[in-house]
Engineer: 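Starting off with a structure, shown below.
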Number of protein chains: 2
Amino acid sequence: MIVGMPKTSARLLAMLSLLQARRDWPGALLADRLEISPRTVRRDVDRLRELGYPIATIKGPDGGYRLGAGTELPPLLFDDEQAVALTVALQVAAGSGGGIGDAAGRALNTVRQVMPTRLRHRIDTVRVTSVARPAPEVDGAVLVEVSTAVRRQEVLRFDYGEGVRRAEPHHVVTRYGRWYLVAWDLDKDDWRTFRIDRMTPRTPTGPRFTPRAVPGGDVAAFVTARFQGSDTGWQCRGEVILDKPAARVAEFAGDAIVEALGPDRCRMLVGSWSWPAMAATLGRFEAEIEVVGPPELRDAFAQLAHRFARTAGVIVGR
Amino acid sequence: MIVGMPKTSARLLAMLSLLQARRDWPGALLADRLEISPRTVRRDVDRLRELGYPIATIKGPDGGYRLGAGTELPPLLFDDEQAVALTVALQVAAGSGGGIGDAAGRALNTVRQVMPTRLRHRIDTVRVTSVARPAPEVDGAVLVEVSTAVRRQEVLRFDYGEGVRRAEPHHVVTRYGRWYLVAWDLDKDDWRTFRIDRMTPRTPTGPRFTPRAVPGGDVAAFVTARFQGSDTGWQCRGEVILDKPAARVAEFAGDAIVEALGPDRCRMLVGSWSWPAMAATLGRFEAEIEVVGPPELRDAFAQLAHRFARTAGVIVGR
DNA sequence: CGAGTAGAGGCCACATCCTGGCCACTACCG
DNA sequence: CGGTAGTGGCCAGGATGTGGCCTCTACTCG
């Protein structure tokens, strides 16, 4: 068995692989990943350049390296990390059931067969059970159709609930096992997120559109905001005063805005998708609540008071 | 300008393309072509093999080297569904960041390379953004070590928090982005779930063990139950009946267990850190709530009813 | 079945190269 | 203008690669 192995060559391959997988790599990060000094990173980059790979460099803050596109790369192979990631990802996907889950399982098997024995062995070692909230399955075909429209920047027409919608599809997003399309709703003239499992795309797609900037610039943030509440997308916004230190409240307040009014008192601006939901959520703080507004929130509290009273078997009057 | 350039690396790359270009290469020819000694050819071949390239060797007269399938041919017989599933799974994994995320991204690239053009296009179409709760990253290496122990049925010793633990590892489970090991804790003589991101396995592993049956027989169920239970997370567990379809409830139920009792009725097992919090959380469902138990939960509803009534400015009596 | 061919790989001595560290410099961002 | 981040020269020490040599082994062909 040969002991000596040019760590250098392997590293160069690895570096290519890394550079390929992500857009920008700060030198320090590369150094960290490859477990070499930054100095050597520079040297390696040089070497790759000398071998003909177009590696662009970005200087200054937020700098880094970037592999130019359209390069003919040497046949890269799976390294151990990739094999593990692949297995894990596919097993988790397979666990999600449905058409995609099935396909993921089969895909894993397919990849497995073309792997060198060593990696195959490694793959077989990793066995993961995935526990997930039961989520509606997504039809792979729909996913592809929607993605295609996103890519082609073509207006999408689709059945959704009762009616037909028209929207400019911008991003496909997954969140906790559910799939959404972030799109500009042409009927409502506003950003919307649609559940992909409830969409039935119609063909043909409409004309091309010019993409708009997603509010905030970051899709992930946008979607999170949509769901967690911040002033971006909530339909209901309310203001309350809680008899509890601001710090204690802020801890569990999510994206709400908390402002201290005194040592044991704070003001809070919350967002939610419905008034009762907001009221209920505020009930978790175990503090006296004073509604500043709007009246709908007060009504919601009244409503919940009655409901909870019924649940508890007590009587509520006016 | 850097003068030194690892001739070795360049040569390996060159050799790779030579091997790709022609079917068989006698060692002597390679030596000649690359201007190195036959001895070094042999070494280089070894190196490439060590990097994972399947290089076959033909001995005897007319012998030589040949680059095996998997690199030269596109023998990955994915069907469309598999390709989509693969892409989706890897993109989602890639979004999770960290070492595994990177590796997933690279793996996607690698697979992509050996795909027929048509599938490659299909792959390129699917672009997914994954939004996840910020979860601690798992070290792929640890994951493999733990999985290996599971597979080999070897007692695992690992640092966990302050001390060292010994356990019989049974299953690796992922749940909402977090990774757990379900194991029989040899010190506590009981089943435990350990957060894999907090584990540091020690080598060597201990003796082999005979697997026990996971309580309930189903790991997924066991883990889910664990999280309802007191020892791992929630201190309060309650049971209620909601006047709402199970499907609609499950959608927002987080990790609670929902069971349909009829078209518009379901039973729900919930966990929370306090009774009022549980009651409040249940209030978000906009459905009538009937407490099955325990009494503390009923009391919490009463308490909240009063509080909400005060907030809303209505009166509650018994 | 035996001879010849071609790869496998251990060992050695020598030269090369690679590496990390240090540092002064420069490009870019805000 | 200051901070960040890439650039590249230089150095010393040590890891690595290299050719040569030799013995084995596997396979083919006569």
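In what follows, chains carry the letters A, B, and so on, assigned in the order in which the sequence lines appear, proteins first and then strands, with residues in each chain numbered from 1. These numbers come from the heavy atoms of this one structure, side chains and all, not from hydrogens, waters or symmetry mates.
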Engineer: Atom CG of B:Leu12 and atom C1' of D:dT16: how far apart are they, to the nearest Å?
Structural biologist: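 After rounding, the gap between these two atoms is 13 Å.
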
Engineer: Looking at A:Ile55, is its backbone amide N or carbonyl O close enough to the side chain of A:Arg49 to form a donor-acceptor pair, meaning the two atoms are under 3.5 Å apart?
Structural biologist: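 Yes; judged by distance alone, with no hydrogens or angles, the pair exists.
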
Engineer: Cut-off 3.5 Å, side chains only: do A:Gln153 and A:Thr210 have a donor facing an acceptor?
Structural biologist: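 No.
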
Engineer: Between atom CD in A:Glu50 and atom P in D:dG8, what is the gap in whole Å?
Structural biologist: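 Rounded to whole Å, this separation is 11 Å.
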
Engineer: Without swapping roles, check the side chain of B:Glu154 against the backbone of B:Pro207 for a donor-acceptor pair under 3.5 Å.
Structural biologist: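 No; zero donor-acceptor contacts below 3.5 Å.
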
Engineer: Can you find a side chain N or O atom of A:Thr57 that sits less than 4.0 Å from OP1 or OP2 on D:dA5?
Structural biologist: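 The answer is no; no side-chain N or O of A:Thr57 sits under 4.0 Å from OP1 or OP2.
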
Engineer: Would you mind telling me which residue lines up with the more 5' stretch of DNA chain C, A:Ser37 or B:Gly27, judged by nearest nucleotide?
Structural biologist: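 Looking at DNA chain C, the more 5' nearest nucleotide goes with B:Gly27.
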
Engineer: From CZ of A:Arg66 over to C1' of C:dC28, roughly how many Å is that when rounded to an integer?
Structural biologist: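 A:Arg66 atom CZ is separated from C:dC28 atom C1' by 15 Å.
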
Engineer: Spell out yes or no: do the side chain of B:Arg11 and the base of D:dG17 have one donor N/O and one acceptor N/O closer than 3.5 Å?
Structural biologist: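 A donor-acceptor contact between them is absent.
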
Engineer: Ignoring hydrogens and geometry beyond distance, is the side chain of B:Arg42 in donor-acceptor contact with the base of C:dG9 at under 3.5 Å?
Structural biologist: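 Present.
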
Engineer: Is B:Arg208 reaching over with its side chain to a backbone N or O of B:Arg152, donor-acceptor style, under 3.5 angstrom?
Structural biologist: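 It does hold such a pair.
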
Engineer: Check this one for me: any side-chain N or O of B:Arg47 less than 4.0 Å away from OP1 or OP2 of D:dT18?
Structural biologist: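 The answer is yes; a side-chain N or O of B:Arg47 sits under 4.0 Å from OP1 or OP2.
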
Engineer: Considering only heavy atoms and no angle criterion, is a donor-acceptor pair shorter than 3.5 Å present between the side chain of B:Arg39 and the base of D:dG17?
Structural biologist: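 When only heavy-atom distances are counted, B:Arg39 does not reach the base of D:dG17 through any donor-acceptor pair under 3.5 Å.
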
Engineer: Indicate yes or no for a side-chain donor-acceptor contact from A:Ser17 to the backbone of A:Leu13 under 3.5 Å, with no hydrogens or angles considered.
Structural biologist: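 Side chain of A:Ser17 to backbone of A:Leu13: no pair is present.
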
Engineer: I need a per-nucleotide contact map over nucleotides 24-30 of chain D, read 5' to 3'. Cutoff is protein heavy atoms under 4.0 Å; write B for the base, S for backbone only, - otherwise.
Structural biologist: --SBS--

Engineer: Taking CZ from B:Arg43 and C1' from C:dG7, how many angstroms apart are they, rounded to a whole number?
Structural biologist: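 Those two atoms, CZ and C1', are 14 Å apart.
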
Engineer: For A:Arg23, does the CZ atom have more than 12 heavy-atom neighbours from other residues, nucleotides or ligands under 6.0 Å away?
Structural biologist: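 Atom CZ in A:Arg23 is not crowded, with 12 or fewer foreign heavy atoms closer than 6.0 Å.
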
Engineer: Under 4.0 Å between a side-chain N or O of A:Thr8 and OP1 or OP2 of C:dT19?
Structural biologist: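 It does, given that an N or O in the side chain of A:Thr8 lies less than 4.0 Å from OP1 or OP2 of C:dT19.
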
Engineer: Begin with the C-alpha distance, continue with both residues' side-chain angles, and end with the deciding distance and a verdict on side chain to side chain donor-acceptor pair (under 3.5 Å) for B:Ser130 and B:Gln91.
Structural biologist: CA-CA 8 Å; B:Ser130 173; B:Gln91 283 193 28; over 6 Å; no

Engineer: By nearest atom, which of the nucleotides C:dG9, C:dT19, D:dG6 is closest to the A:Pro26 side chain?
Structural biologist: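 Looking only at side-chain atoms, A:Pro26 lies closest to D:dG6.
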
Engineer: Determine, using ring centers only, whether B:Phe194 and B:Tyr160 are less than 6.0 Å apart.
Structural biologist: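 When the ring centroids of B:Tyr160 and B:Phe194 are compared, they turn out to be within the sub-6.0 Å range.
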
Engineer: Figure out the NZ/C1' separation between A:Lys7 and C:dT19, and round it to whole Å.
Structural biologist: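 Atom-to-atom, A:Lys7 to C:dT19, this comes out as 9 Å.
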
Engineer: Can you check the B:Leu29 CG to C:dT5 P distance for me, whole Å?
Structural biologist: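 After rounding, the gap between these two atoms is 17 Å.
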
Engineer: Looking at A:Asp62, I want to see if its CG is surrounded by more than 12 non-hydrogen atoms of other residues, nucleotides or ligands under 6.0 Å.
Structural biologist: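 12 or below, so no.
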
Engineer: When the C1' atoms of the five terminal pairs at each end define the local axes, what inter-axis angle does the helix from C:dC1-D:dG30 to C:dG30-D:dC1 show, to 10 degrees?
Structural biologist: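 Between the axes fitted at each end of the helix from C:dC1-D:dG30 to C:dG30-D:dC1 lies an angle of 70°.
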
Engineer: For A:Met15 and D:dG6, what is the distance between atoms CE and P respectively, to the nearest whole Å?
Structural biologist: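 It is 11 Å, rounded to the nearest whole Å.
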
Engineer: Is there a donor-acceptor contact under 3.5 Å from the side chain of B:Arg120 to the main chain of B:Arg112?
Structural biologist: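 Yes; at least one donor-acceptor contact below 3.5 Å.
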
Engineer: Check the distance between D:dG6's P and A:Arg49's CZ and give it to me in whole angstrom.
Structural biologist: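 From A:Arg49 CZ to D:dG6 P: 11 Å.
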
